[in-house]
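To start, the structure itself, in structure tokens.
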Amino acid sequence: MNKQNKNNSEEFFRMMFDLGSKEKITTPSYADFIQAISIIFDINKDEKKQTRPREMSESRSILQRQTIHDETIISVLTLCQVEERKQKFLKKCFLKIENILSRLKSTPIFSPKSRLHGDLCFFWLVTLPQTMELLRFCRDVQKIDFAAELLHYLKSLAQQDLPEKACIKMLKDEISELLNGIECSEFKIAIGRIDHRSFPKTKSINTILANLETEISIDLDKENAKDITLKARFKFFAAKFAFRLFKPYSQNKHLVAIPDENTLLEMHQGLRRDYVCNQYFNEYNFEFTHNKHYKSILNLYLNSIEHINCEDLPSEVTSTLGSLISWRNRAFLPAAVIKKFWWDLERNRVDERYIRNFEKAFLFTTSNYQYGQIAAQIASMLLALKIQKVENIPHKSLEPLVMTLMANNPISNEITLFHETPFGPKKGIISDTSDFNIAQAIFNFNSDIRSSALKTDLCNPLTGLNKTLGYIFEKIDQDIFFTPPQPLPNNFLNIKPAKAFTIRLYDALKNINGLLKNFNLIELHRSGSDVICAESSLAGESINRYLRLNNVEKIEILKKIDPEQYSKDYSAMLHATNPQRKQVTYFNKKGYYFCDFLVTLNEGPALKKELPQPLATDRTSLPA
């Protein structure tokens, strides 16, 4: 990169940092949704800082973050006295909400309006009406008592000008009516202290209710005392939820153009009925994107924030980066960023220093701008370019880009196909969620290059494997590789066979067809088979030589590299049944596995005196 280009790039990065500090409209992620619930109910407190809830962003891994989500949901449902058998269904509803929020988050937002305006529109047009619809279902179909109470509070307070004050008054009046003159002086003193400035923490509410039950047990039998206390609990937590929910959005409601109540109700009722609470659609179904009610809600929200599609921009606006950035209150920064990145990449200006500085600026701006799938595309290219161009990639250093990719890519299902190994067909090789998304980024990057949409070098994470195989073949040609004791030298044992991945050399060689498929590096594959088997690749000459070996020769190399693992694989092959029903899986980008249909595979035919050659398959109902 010459000096002028370098200065231009650094000036652009400074501009990204400057504009990236300005809050623009974003939609909440599922992590934001769970975080809001945890704040409302005071769940997942940091033990060292009792007043601060543990944020989802504190999770250092994708798996840990997902675990926190599950823990929070279970804690909330338990706190609300939801029976365990009903929790399972509601958790599926939460996952469908995650799908919807993921789809919304993947939509790039270009709006001149303020973050406050966007938050208000999302709350009054999306969050509140869909929450109330879910509560109606829980009340009427699931017969959940707390849902009935919470819906009662939300409906009563939604039309109030000062819902926080109305909430406190409503709680006190209803508790008084519930007690019906029962003497409980300490409880009345405690509830009298509650006002519109704040609401008691969950721990304080539990203490108040425990004292209430003790007090009223003097005049009532145990069953009646428990019943009244439970009803009071529902009212307290319903009021707490409503109080905390309305507080940030009540004062500026007039800024939102809310449509006719029946129109809004019909949209959200349809989405809840057709998808969120539809027992015939599980959480791995994404048909809601074609649902007319979902489309109506999305369009209503986008219109309310004056969102403009990039396709609708005048040509004079898109003619230069400067005009694109400055137009409509700098709403189109994400479009300018990817335009600049493509421009520099195609002119071979992207080196290791450029990647490092661009990544910092890009990740900074994504906290305040909703890039949507633009961010996913940029994160994918950065992941591939880092693996391609950066010599040493520290452990977990790719995680911020992976998190950005996952946050901005809509959740979807990827088919995991079978690939050939010397021991028979195998499904999948990369199961770690982070690694899977990195592999997907490499696949997409290489797809753009191979289709000529992008003019740069392929990303090949298998250069280390190719180098190691080069050494192995050199020793084989010298007739000394299989001569004991001749282990691989440490400098070859320490080479990562797949750069930035944790896979071992033995597993990489055994599953070479799966890796080549994952990275889109297969040049020619065996025809007439549904099992992936590469005849040649774009990953290196030594890898191609290995691909040309028969299974007997491949197994001999594997046996030399790891005799113990070879013994396990060989034994498993001998004991495999023929034929056997196997499941083809989809890999969901959140990290879940599930099955959609079955195929029949001949896996490991009975051995005679020699090791098996590549196996044929019989497969049914496999989509293209």
Side-chain angles (χ1 to χ4, degrees), residues 33-34 36-37 40-41 43 72-98 100-101 123-160 163 166-167 169-171 173-175 177-178 199 202 205 209 226-246 249 258 261-283 288 291 293-294 297:
F33 170 64
I34 297 298
I37 293 176
I40 287 172
F41 288 109
I43 293 170
T72 302
I73 292 168
I74 293 170
S75 298
V76 168
L77 295 177
T78 303
L79 186 70
C80 298
Q81 305 282 309
V82 178
E83 298 172 42
E84 199 167 319
R85 65 185 179 85
K86 295 178 181 179
Q87 288 188 16
K88 185 177 181 180
F89 175 81
L90 290 177
K91 283 192 284 185
K92 289 181 182 293
C93 293
F94 273 88
L95 291 174
K96 291 180 188 176
I97 290 170
E98 180 179 13
I100 293 171
L101 291 176
F123 175 77
W124 290 104
L125 300 177
V126 183
T127 303
L128 182 61
Q130 188 57 214
T131 300
M132 292 173 71
E133 270 307 307
L134 180 58
L135 289 172
R136 282 191 187 95
F137 178 85
C138 291
R139 178 195 66 185
D140 299 338
V141 179
Q142 295 288 308
K143 307 299 181 184
I144 296 173
D145 293 335
F146 179 73
E149 194 68 65
L150 180 52
L151 181 61
H152 165 61
Y153 268 80
L154 294 182
K155 286 178 64 178
S156 301
L157 299 172
Q159 305 302 323
Q160 300 286 339
C167 181
K169 183 179 185 305
M170 183 175 172
L171 173 65
D173 289 346
E174 292 196 349
I175 290 291
E177 184 179 343
L178 176 65
F199 206 94
T202 296
I205 292 173
L209 291 170
K226 278 189 175 297
D227 182 59
I228 289 175
T229 304
L230 180 60
K231 289 177 180 176
R233 168 178 287 276
F234 289 158
K235 291 184 182 298
F236 259 98
F237 281 106
K240 179 180 177 64
F241 187 97
F243 182 91
R244 300 291 289 272
L245 191 68
F246 283 117
Y249 308 107
I258 299 176
E261 184 177 345
N262 290 332
T263 302
L264 193 60
L265 176 64
E266 183 183 350
M267 292 178 190
H268 284 278
Q269 198 172 59
L271 181 60
R272 186 268 304 160
R273 181 189 62 244
D274 297 344
Y275 183 65
V276 177
C277 297
N278 188 334
Q279 61 179 327
Y280 299 107
F281 286 158
N282 63 26
E283 62 271 30
F288 73 89
N291 183 278
H293 302 293
Y294 168 78
I297 294 168

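Just so it is clear, the model here is predicted, and its values are computed rather than measured.
Side-chain contact between Arg273 and His293 is present, with at least one heavy-atom pair separated by less than 4.5 Å. Between Phe246 and Leu154, some side-chain heavy-atom pair lies under the 4.5 Å cut-off. Counting heavy atoms from C-beta outward, Asn262 and Glu266 have side chains that stay 4.5 Å or more apart. A 4.5 Å side-chain heavy-atom check between Ile40 and Phe237 finds every atom pair outside the cut-off. Contact of the Asp274 side chain with the Phe281 side chain is not registered, since no non-hydrogen atoms from C-beta on lie closer than 4.5 Å. The side-chain heavy atoms of Thr263 and Met267, taken from C-beta on, include a pair separated by under 4.5 Å. At a threshold of 4.5 Å between non-hydrogen side-chain atoms, the residues Glu174 and Tyr153 count as touching. With a 4.5 Å cut-off on side-chain heavy atoms, Asp145 and Gln81 do not count as touching.
A donor-acceptor pair is defined here as one N or O able to donate and one able to accept, closer than 3.5 Å; such a pair exists between the side chain of Lys86 and the backbone of Gln142. No donor-acceptor distance shorter than 3.5 angstrom exists from the side chain of Gln160 to the backbone of Ala166, with no hydrogens or angles considered. Judged by distance alone, with hydrogens and angles left aside, the side-chain atoms of Gln87 form a donor-acceptor pair with the main-chain N or O of Val82 at under 3.5 Å.
The nearest pair of heavy atoms linking Phe146 to Cys80 is CE2-SG, 3.3 Å. For the pair Ala232 and Leu209, the tightest heavy-atom approach, listed with the atom from each and the gap, is CB-CD2, 3.9 Å.
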Criterion side chain to side chain contact (heavy atoms under 4.5 Å, CB included) on Leu90 and Ile144, from CA distance to verdict
CA-CA 11 Å; Leu90 290 177; Ile144 296 173; 3.7 Å; yes
Where do Phe41 and Phe241 land on the ring pair (Phe, Tyr, Trp, His ring centres under 6.0 Å) test, with the steps shown first?
CA-CA 7 Å; Phe41 288 109; Phe241 187 97; 5.8 Å; yes
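With values rounded to the nearest 0.5 angstrom, Leu79 atom CG is found 12.0 Å from Thr72 atom OG1. Note that CD of Glu261 and CG of Leu265 are 7.0 Å apart. Values are rounded to the nearest 0.5 Å. Atom-to-atom distance recorded for Ile297:CD1 and Ile100:CD1 is 7.5 Å, nearest 0.5 angstrom. If you take CG on Leu128 and CZ on Phe123, they are separated by 4.5 Å, rounding to the nearest 0.5 Å. Within the model, atoms CG of Leu171 and CD1 of Ile175 stand 5.0 Å from one another, a figure rounded to the nearest 0.5 Å. To the nearest 0.5 Å, atom OG1 of residue Thr131 and atom CG of residue Leu151 are 10.5 Å apart.
Relative ring orientation between Tyr294 and Phe288 is described as perpendicular, the plane-to-plane angle rising above 60° on a 0-90° scale split at 30° and 60°. Ring geometry for Phe236 versus Phe199: interplanar angle over 60°, hence perpendicular rather than tilted (30 to 60°).
A cation-pi arrangement is present between Lys96 and Tyr275, with the terminal nitrogen or guanidinium carbon under 6.0 Å from the aromatic centre and inside a 45° cone about the axis.
Between Phe137 and Phe89, a ring centre-to-centre spacing shorter than 6.0 Å is recorded.
Side chains of His268 and Glu133: no donor on one and acceptor on the other come within 3.5 Å.
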